[in-house]
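Written below as structure tokens is the structure these notes are about.
In each ligand, atom 1 is the first atom listed, and ligand 1 is the first ligand listed. Along the sequence shown, residues carry numbers from 1.
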Amino acid sequence: MIYKITQLFIITFLLISFISCAGEEGEQTTDNTEEFELPADGIEIADAWARPGQVDGVSAIYMNILNGSSVADTLLSISSPVAGMVEVHETYEQEEGMMGMRPAEVVAAPARGALTLKPGGLHVMLMQLNRELREGDSVEFSVEFTNGTEITLTAPVESMRR
Ligand SMILES: [Cu+2]
């Protein structure tokens with residue numbers, strides 16, 4: 001009996017702390033930021049990965065662009081030593097329900113928010129690959145933002161992440 005009461009007490013206590021935590025988080029949450037830990041300020045890139053590709057073929061890089069600043073920022077340019085041509089593409093539904101892709105006009109990371117590039121959505125298109133990209137390889141790329149941030153990083157090549 002004592003055991004049961006103790007158990008009940010613990011469960012009640014856990015429930016109360018869970019509810020109060022959820023309440024606090026709810027108040028701090030804005031837009032899509034709850035999924036990501038934003039930097040204190042400026043732009044950071046997280047979770048970058050690239051698809052495998054053949055020489056002269058194409059690949060894509062996906063990532064989360066995290067904007068910790070209080071102003072929105074836009075992508076100015078992107079380049080990679082493995083590709084002759086790099087563009088940011090958006091996926092869209094063509095007539096007859098076919099999916100197509102085209103260069104994205106504005107790629108914006110909202111103030112205190114995140115922009116996700118993922119399969120079936122926005123992606124960095126690597127074209128004219130000058131080497132094969134195999135699972136386990138890595139791809140270097142550089143991104144420049146309108147507010148002046150320049151980031152160079154390496155994305156692992158993976159066959160499928162999400
Ligand atoms: Cu594309």
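Using a 4.5 Å heavy-atom cutoff, the side chains of F141 and I61 are in contact.
Here the straight-line distance linking atom CD of Q94 with atom CE of M99 works out to 8.5 Å at 0.5 Å rounding.
Inclusion of T91 in the first shell of the Cu ion (ligand 1) is not supported: no N, O or S atom falls under 2.8 Å.
The N, O or S atom of H123 lying closest to the Cu ion (ligand 1) is NE2.
Other residues, nucleotides and ligands contribute more than 12 heavy atoms inside 6.0 Å of the CG atom of N130.
The angle that M125 SD and H89 ND1 make at the Cu ion (ligand 1), rounded to 10°, works out to 100°.
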Derivation of the side chain to side chain contact (heavy atoms under 4.5 Å, CB included) call for H123 and M101 = CA-CA 10 Å; H123 54 276; M101 56 187 182; 3.3 Å; yes

